Amino acid sequence: MKRLTLLIAAALFYGLLPRAGAAGFAGPGPDTAAFSLPVPQAVNSRRLICVDPGHPNSFNSGLEPVNGTTETRINWQVALKLESILKEKGFDVLLTRSEELQPVENKDRALMANSAGAALCVHLHCESSPGSGFTLYYPDRQGVFDYKDDPDNGFKGPSSRVIEESLVLALAVQKGMQEKLSGSLADLGVKGDSATKVGSNQGALTFSIFSKIPTLTIEMAVLTDKHDAAFIKSEEGQEKMAQAIAAGIQLHQAR
Ligand SMILES: [Zn+2]
């Protein structure tokens with residue numbers, strides 16, 4: 001009951017409620033064996049924020065050219081700006097990869113954030129679908145990892161606590177993004193992982209299933225849309241996006 005009260009209070013505070021919708025990521029990807037993963041520091045602090053620049057991984061390299069760029073490039077460039085802004089605000093930052101083209105599996109991105117003791121994790125992505133604007137996805141139910149080649153095939157998660165806290169995080173970041181991106185990018189809402197292609201199969205996105213901390217997937221823009229692509233490719237647009245996400249994280253951590 002206490003958690004439910006917290007959830008309702010947060011929803012009222014942020015003045016926002018989730019909506020239903022559909023999206024997803026899939027496709028072939030590069031070999032992950034050639035790179036080593038960053039070694040997380042065990043800090044266990046509310047000040048440590050995990051920033052996960054989405055792709056490459058086994059399922060999707062994110063390297064398909066779209067409107068003169070790639071999703072992997074945009075995710076990486078915004079992640080570096082977000083890292084810098086968060087550090088200026090006094091946070092510690094864990095990046096889930098140390099190079100733009102370093103492949104890291106989605107499961108490992110979550111495990112890295114867990115073992116580092118991060119307060120929360122934001123996964124940065126760009127959509128390739130009809131429409132225009134940003135969308136936030138949180139785990140709205142427990143999922144089952146469906147990857148028979150992995151020893152953790154069948155793993156269930158996240159916990160009900162993580163599900164509840166991820167929604168609170170989603171609402172806070174949405175508020176920050178709405179304020180900073182008003183007039184630049186449309187708000188397509190907070191949606192459940194189960195509305196994504198992978199989530200509809202597993203119940204939740206892979207990094208959500210393995211997450212022990214609040215987790216949020218941010219589809220920052222629709223890269224196949226010319227307006228959105230022009231915005232998120234520009235230095236100014238990326239800076240604005242990073243400022244917007246940082247504002248949401250700061251709002252969440254200040255609770
Ligand atoms: Zn993606």
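This structure is a prediction, so every number in the text was calculated from the model and none was measured. Whatever order the structure lists them in is the order used to number ligands and atoms, beginning at 1.
Here Glu127 does not reach the Zn ion (ligand 1): none of its N/O/S atoms is less than 2.8 Å from the metal. Taking 2.8 Å as the threshold, His125 counts as a candidate ligand of the Zn ion (ligand 1), since one of its N, O or S atoms lies below it.
Other residues, nucleotides and ligands place more than 12 heavy atoms under 6.0 Å from the NZ atom of Lys89.
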Check your understanding: Which is it for Thr206 and Gln202 under the side-chain hydrogen bond (donor to acceptor under 3.5 Å, both in side chains) test, yes or no, and what are the steps along the way?
Key -> CA-CA 8 Å; Thr206 295; Gln202 295 190 139; 3.1 Å; yes
Exercise for review: Show the numbers, then the answer: is there a salt bridge (Lys or Arg N to Asp or Glu O under 4.0 Å) between Arg161 and Glu165?
Suggested key: CA-CA 6 Å; Arg161 180 186 58 80; Glu165 291 181 358; 3.1 Å; yes
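In this structure, Arg109 is not positioned above the aromatic face of Phe207 in the sense of NZ or CZ being under 6.0 Å from the six-membered ring centre and within 45° of the axis.
Sorting the N, O or S atoms of Glu71 by how far they are from the Zn ion (ligand 1) puts OE2 first.
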